[in-house]
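Only heavy atoms go into these numbers, but all of them, side chains included; no hydrogens, no water, no symmetry mates. None of the values given here were measured: they were computed from a predicted structure.
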Amino acid sequence: MAIYLSMQRVRFSSPDAYDKFRTVFSNVRHHLMSKPGFIHLTWWEHPDEPGWYNEVSMWASKEAVNDWHMDTYHKHAKEWAANGAIMEDLISNFELVGTRLLRICPTCGTLQDKSYDMLAELKTLGEPCPKCGFIFPVAETTANSTTVAKDVI
C-alpha cells in the first residue's frame with residue numbers, strides 16, 4: 001500500500017488574514033480524525049522567514065487525499081482562503097518509499113535504527129527503550145497544537 005505525503009508552503013496576504021486562518025485551521029483536526037486514511041498533519045512557521053508557513057500531511061492512499069479534498073469543510077476552507085487570505089500556496093505531493101526510526105536513549109545511550117510501518121507510527125513512537133524502559137516523548141494533540149495524528153492500523 002502506498003503512503004502519500006502532501007506538502008504546502010503558504011504565504012498569507014496579511015497578518016490579519018493569518019489570524020483568521022488560524023480560527024479555520026483550529027477546527028480541521030475534528031474533520032481529519034474522522035477521515036479514513038488520514039495519518040498525520042503538521043503546520044509550522046518557517047524559522048528563518050516569518051510569514052512563510054509549511055504544512056505536511058500523510059495519507060494511507062491517494063484516494064484518501066482526494067476524499068479530503070472533496071470534503072465539504074475542506075472545500076469551504078479553501079474557497080475562503082482563495083478569496084484573499086492566501087497570497088501564495090505551493091503544493092507538492094509525494095509517494096513514500098521508506099521510513100526509518102533513529103533513536104538514542106538519553107538514559108542508557110542505546111541506539112535504535114529500524115524501519116517501521118507509517119500506518120502504525122504512533123504505536124512505534126510509544127514504544128519505550130528496549131534496554132532501560134525510558135519512555136520517549138510523543139507530541140499530543142491539544143487545543144493549541146498544530147500537529148494532528150492517528151494510526152490507521
Side-chain angles (χ1 to χ4, degrees), residues 1-12 18 21-49 51-82 85-106 109-131 133-153:
M1 173 190 292
I3 302 289
Y4 287 85
L5 179 137
S6 181
M7 182 177 74
Q8 294 188 57
R9 294 172 287 156
V10 182
R11 288 188 197 274
F12 290 89
Y18 179 62
F21 166 80
R22 287 181 14 199
T23 300
V24 173
F25 186 79
S26 69
N27 201 260
V28 164
R29 77 184 75 246
H30 304 292
H31 299 275
L32 288 174
M33 293 303 278
S34 68
K35 287 291 174 195
F38 166 73
I39 298 172
H40 180 96
L41 171 88
T42 301
W43 176 271
W44 71 96
E45 184 173 350
H46 193 287
D48 297 324
E49 292 193 43
W52 188 242
Y53 300 90
N54 300 278
E55 177 206 305
V56 172
S57 61
M58 292 178 232
W59 303 84
S61 69
K62 178 70 170 148
E63 293 74 27
V65 175
N66 292 342
D67 183 46
W68 171 239
H69 289 153
M70 298 309 294
D71 179 87
T72 301
Y73 187 83
H74 185 269
K75 283 174 140 179
H76 286 291
K78 279 288 192 186
E79 182 180 319
W80 170 83
I86 289 180
M87 178 192 321
E88 185 175 52
D89 190 358
L90 303 157
I91 303 165
S92 304
N93 293 305
F94 306 91
E95 186 173 308
L96 178 69
V97 295
T99 56
R100 297 208 62 74
L101 174 63
L102 297 173
R103 278 186 164 170
I104 301 168
C105 180
T110 296
L111 169 66
Q112 294 180 66
D113 179 355
K114 64 181 183 177
S115 60
Y116 70 96
D117 184 352
M118 178 61 74
L119 298 176
E121 182 177 58
L122 294 177
K123 179 179 179 247
T124 302
L125 294 177
E127 295 171 356
C129 173
K131 185 173 182 180
F134 175 81
I135 298 170
F136 291 87
V138 178
E140 298 285 331
T141 299
T142 66
N144 295 326
S145 173
T146 57
T147 298
V148 181
K150 70 176 185 178
D151 282 347
V152 174
I153 292 179

Taking C-beta and beyond as the side chain, do [X] and [Y] meet within less than 4.5 Å on heavy atoms?
| X | Y | answer |
| --- | --- | --- |
| Leu119 | Ile39 | yes |
| Trp43 | Val148 | no |
| Trp59 | Asn66 | no |
| His46 | Arg11 | no |
| Ile3 | Leu5 | no |
| Tyr4 | Glu95 | yes |
| Phe25 | Val28 | yes |

>> Return the CG to CD1 distance between Asp113 and Ile104, rounded to the nearest 0.5 Å.
In response: 10.0 Å

> Hey, what do you get for CE (Met7) to CG (Asn93), rounding to the nearest 0.5 Å?
Replying inline: 9.5 Å

Test your reading of the model: is there a side-chain donor-acceptor pair from [X] to the backbone of [Y], 3.5 Å cut-off?
| X | Y | result |
| --- | --- | --- |
| Asp151 | Glu121 | yes |
| Arg103 | Leu125 | yes |
| Asp71 | His31 | no |

For a quick test of reading the model, state the closest non-hydrogen atom pair linking [X] to [Y] and the distance between them.
| X | Y | value |
| --- | --- | --- |
| Ser6 | Ile91 | OG-CG2, 4.1 Å |
| Thr124 | Leu101 | CG2-CD2, 3.8 Å |
| His69 | Lys75 | O-CG, 3.6 Å |
| Phe134 | Cys105 | CB-SG, 3.6 Å |
| Phe38 | Lys150 | O-CE, 3.0 Å |
| Gln112 | Cys129 | NE2-CA, 4.2 Å |

>> Centre-to-centre under 6.0 Å for Tyr18 and Tyr53, is that the case here?
In response: yes

> When you look at CG of Leu111, are more than 12 heavy atoms from neighbouring residues, nucleotides or ligands closer to it than 6.0 Å?
Replying inline: yes

> Can Ile86 and Phe12 be said to form a side-chain contact (heavy atoms from CB on, under 4.5 Å), step by step?
Replying inline: CA-CA 4 Å; Ile86 289 180; Phe12 290 89; 3.8 Å; yes

> Stepwise, does the side-chain contact (heavy atoms from CB on, under 4.5 Å) test hold for Lys35 with Asp67?
Replying inline: CA-CA 8 Å; Lys35 287 291 174 195; Asp67 183 46; 3.7 Å; yes

>> One pair to check against salt bridge (Lys or Arg N to Asp or Glu O under 4.0 Å): Lys114 and Glu127. What are the steps and the verdict?
In response: CA-CA 13 Å; Lys114 64 181 183 177; Glu127 295 171 356; 2.8 Å; yes

> Does a side chain donor of either Thr42 or Trp44 reach within less than 3.5 Å of an acceptor in the other side chain?
Replying inline: no

